[in-house]
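Numbering of residues begins at 1 and proceeds along the displayed sequence. What's counted below: heavy atoms across the whole structure, side chains too, no hydrogens, waters or symmetry copies.
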Amino acid sequence: MVGSEHDEALADAFDGQAAQFERAPVQSDPAALERLVRAAGLSADSLVLDAGCGPGLVSEALLRGGCRVFGVDLSAEMVGRARRRCAAFGDRARFEQGSLFDDLPAGPFDAGISRYVLHHVADPDAFVRRQVELLRSGGVLVLCDSTGDPDSERARALDDVERARDKTHTHNLAGGQIVDLFARAGLTDLRLSEEAYSLDFDEWFDRGTPVDTKENVRARFLAGPHARGFWAEALPGGSVRINAIRAIVRGVKP
Ligand SMILES: C[S@@+](CC[C@H](N)C(=O)[O-])C[C@H]1O[C@@H](n2cnc3c(N)ncnc32)[C@H](O)[C@@H]1O
């Protein structure tokens, strides 16, 4: 069931961009997916909640690593893709359309994971707390997302550009702010790692749900100020590269 207006906007946006998202270089990069599974450090056969599972790229990597997965996503198109992608894993993989905040027909979970979801949610604390609630004691929570900047002015400027490119964007948090979310949710043994990566501006823009023109967004993004975790650089030849840092944060439910 889709609840709030924001959830409805997310479901629409991701129904529309599911195909492009599934083959986007950053999202589908097998080496990055492998590193994420390694950073999660889960035991074989763990039952994992993939919160905002999208087309099942993270789920598939976890399934290959021996986990079982329950994925939930607001977008029917994303859930259909996740089911098809992970069909070979039979009943080790299950996907349902709906919100993370619905009553879920599975759990408690040994682990929860979300990738590139936090910057779309209206209430980051509630998003983390909800996953913690669904974990067993001793369960592991892993969150991977692109980052913003610890300086609030730079972070706000980035969020403005991001929202011009995608109306469902809320906030890119800095790595330390994600750690603080985990601490406030009562998780222990916190770890943060960062990975640098890059994207092509056009590829990024073209799969968004913009509220401004590509030219305006490019100009505003290049003008800065440069956020530490996501900034644009003009390359010789005319293309624009986005230099980005994603955070992977892991914690344990006592
Ligand atoms: C950028 S995609 C990431 C997909 C996937 N995690 C990946 O990295 O390949 C974000 C997804 O989160 C989903 N989403 C956002 N908020 C959600 C919520 N409250 N409950 C379920 N899904 C949600 C969206 O529908 C969208 O498909």
Side-chain angles (χ1 to χ4, degrees), residues 6 9-10 12-14 16-17 20-21 23-29 31-32 35-36 39 52 54 114-125 127-128 143-184 190-249:
H6 184 65
L10 278 167
D12 278 355
F14 282 102
Q17 67 168 267
Q20 275 171 293
F21 183 93
R23 57 172 188 267
V26 164
Q27 278 74 10
S28 60
D29 176 8
R35 283 196 301 274
L36 177 59
S114 67
R115 186 184 72 158
Y116 303 136
V117 183
L118 184 71
H119 65 272
H120 292 290
V121 307
D123 182 343
D125 279 294
F127 176 71
V128 169
L143 189 154
C144 174
D145 203 4
S146 51
T147 58
D149 196 290
D151 175 81
S152 57
E153 201 176 306
R154 285 169 187 269
R156 199 166 32 245
L158 172 62
D159 283 334
D160 286 346
V161 168
E162 289 260 25
R163 277 193 286 269
R165 173 263 175 184
D166 181 356
K167 59 185 174 195
T168 67
H169 178 91
T170 54
H171 303 292
N172 272 324
L173 298 186
Q177 292 172 319
I178 303 175
V179 171
D180 288 345
L181 289 178
F182 274 45
R184 282 199 292 276
L190 303 185
R191 288 186 216 158
L192 162 68
S193 55
E194 290 189 326
E195 285 182 358
Y197 66 105
S198 64
L199 303 92
D200 173 68
F201 172 86
D202 288 319
E203 185 278 322
W204 173 74
F205 186 91
D206 291 345
R207 62 183 157 80
T209 47
V211 293
D212 200 349
T213 64
K214 191 192 250 191
E215 292 64 36
N216 285 349
V217 174
R218 184 192 290 113
R220 283 173 60 189
F221 202 1
L222 282 169
H226 289 175
R228 176 178 183 270
F230 212 79
W231 59 277
E233 181 181 8
L235 298 181
S239 66
V240 173
R241 180 173 63 203
I242 302 173
N243 300 298
I245 299 174
R246 66 186 150 228
I248 300 175
V249 178

- Query: With E195, which residues qualify under salt bridge (Lys or Arg N to Asp or Glu O under 4.0 Å), at least two apart?
  - Reply: R35, R246
- Query: Does a salt bridge link R163 with D166, judged by any charged N lying under 4.0 Å from a carboxylate O?
  - Reply: no
- Query: Between T147 (side chain) and A247 (backbone), is there a donor-acceptor pair under 3.5 Å?
  - Reply: no
- Item | Those residues that, when tested against D123, pass salt bridge (Lys or Arg N to Asp or Glu O under 4.0 Å) (two or more places apart) | none
- Message: Under the ring-ring contact (aromatic ring centres under 6.0 Å, His included) definition, can you give me all pairs with a residue in residues 147-166, not counting sequence neighbours?
- Response: none
- Query: Partners of E194 by side-chain hydrogen bond (donor to acceptor under 3.5 Å, both in side chains), sequence neighbours excluded?
  - Reply: R228
- Query: Among pairs that include at least one residue of residues 144-159, which meet salt bridge (charged side-chain N to carboxylate O under 4.0 Å, His left out), considering only residues two or more places apart or in two chains?
  - Reply: none
- Query: What residues form a salt bridge (Lys or Arg N to Asp or Glu O under 4.0 Å) with D202, not counting sequence neighbours?
  - Reply: K214, R218
- In chain order, what residues pass the side-chain hydrogen bond (donor to acceptor under 3.5 Å, both in side chains) check against H120, with sequence neighbours excluded? T168
- Identify, with sequence neighbours excluded, every residue that meets side-chain hydrogen bond (donor to acceptor under 3.5 Å, both in side chains) alongside S28. none
- Message: Suppose we screen for ring pair (Phe, Tyr, Trp, His ring centres under 6.0 Å). Which residues come up paired with W231, at least two apart in sequence or across chains?
- Response: H226
- Item | Parallel, tilted or perpendicular, as decided by the 30° and 60° cut-offs, for the rings of F230 and F221 | parallel
- Partner residues of R191 under the salt bridge (Lys or Arg N to Asp or Glu O under 4.0 Å) criterion, sequence neighbours left out: none
- With sequence neighbours left out, write down each residue that passes ring pair (Phe, Tyr, Trp, His ring centres under 6.0 Å) with H119, or none if nothing qualifies. H169
- Inter- and intrachain pairs under salt bridge (charged side-chain N to carboxylate O under 4.0 Å, His left out), touching residues 172-184, at least two apart: D125-R184
- CG (L143) and OG (S114) are apart, to the nearest 0.5 Å, by 3.5 Å
- Message: Once rounded to the nearest 0.5 Å, what's the spacing between atom CZ of F201 and atom CG of D206?
- Response: 8.5 Å
